[in-house]
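Just so you know, ligand 1 is whichever comes first in the structure, and atom 1 is the first atom listed for that ligand.
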Amino acid sequence: MSTIRVHDKEFVAYITSAEIAEQVARIAIEINRNYKGKNPVFIAILNGAFIFAADLFKQINVEAEISFIKLASYKGVKSTGKVITAIGLDVDLHGRDVIILEDIVDTGKTLFQFLPQLEHTNPASLKIASLLFKPESMIHLIKIDYLGFTIPNKFVVGYGLDYDGLGRNLKEIYQLI
Ligand code: IMP
């Protein structure tokens, strides 16, 4: 078993690049089929989704646009928790078919807070594509329309996902030992 060290932690090889490529290709086929004749706009959430977004977008064969956003959280004035806002959203989503690209849905908190803001812009449709999903840690119910892998509640790195800034450049996905 191939293991690696990132910062102070040991990770073991978990999902190969071939398996990732297979799922990304399958998702692309589904999206191409469902959006035939449409002009979807992909919104990739940085940083984690950048590699997934690039690999997927290359395989999209309908007329499509892509934009990248960062989500910043700050303490709201009234709200008890943190408020999440998007930085860099430069496309008017009104009347558009929007597909959010995420690296992983873990607790679901990020999308739970962010999706209502997107719905406010009145898109024609709003779907979510996530490479990974950890159902065991889900707190907020998020419907993932296009999913690569369901994984157990263990920390993973690679293929865009990081551990404290490192590991994003790994071609495969590694799991914390
Ligand atoms: P959520 O709001 O709990 O669903 O968290 C989503 C974000 O947490 C993801 O977009 C990732 O940036 C980060 N995250 C959650 N689990 C992992 C993991 O196992 N490895 C790396 N990042 C993770």
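Distances from ligand 1 to the non-hydrogen atoms of Lys134 include at least one value under 4.0 Å. Ligand 1 lies out of reach of Val157, whose nearest heavy atom is not under 4.0 Å from it. Not a single heavy atom of Gly48 sits under 4.0 Å from any atom of ligand 1. Not a single heavy atom of Ile45 sits under 4.0 Å from any atom of ligand 1.
Of the protein's non-hydrogen atoms, Asp103 OD1, 2.8 Å is the one closest to atom 10 (O) of ligand 1. Summary of contacts: the protein heavy atom closest to atom 1 (P) of ligand 1 is Thr107 OG1, 3.3 Å. Scanning the protein for heavy atoms near atom 22 (N) of ligand 1, the closest one is Leu161 CD2, 3.9 Å. Atom 20 (N) of ligand 1 has its closest protein heavy atom at Val156 O, 2.7 Å. Annotation: atom 2 (O) of ligand 1 to nearest protein heavy atom, Thr110 OG1, 2.4 Å.
Residue-level proximity to ligand 1 for Ile104 is carried by backbone and side chain together, each with a heavy atom below 4.0 angstrom.
Under the 4.5 Å side-chain heavy-atom criterion for Ile, Leu, Val, Met, Phe, Trp and Tyr, Tyr146 and Phe57 are members of the same hydrophobic cluster.
Using modelled atom types, one finds a donor on one side chain and an acceptor on the other under 3.5 Å when comparing Tyr159 with Asp55.
With Ile43 as reference, Leu93 is the one residue of Ile99, Leu93, Ile66, Ile128 to meet the side chain to side chain contact (heavy atoms under 4.5 Å, CB included) rule.
For atom 4 (O) of ligand 1, the nearest protein heavy atom lies under 4.0 Å away.
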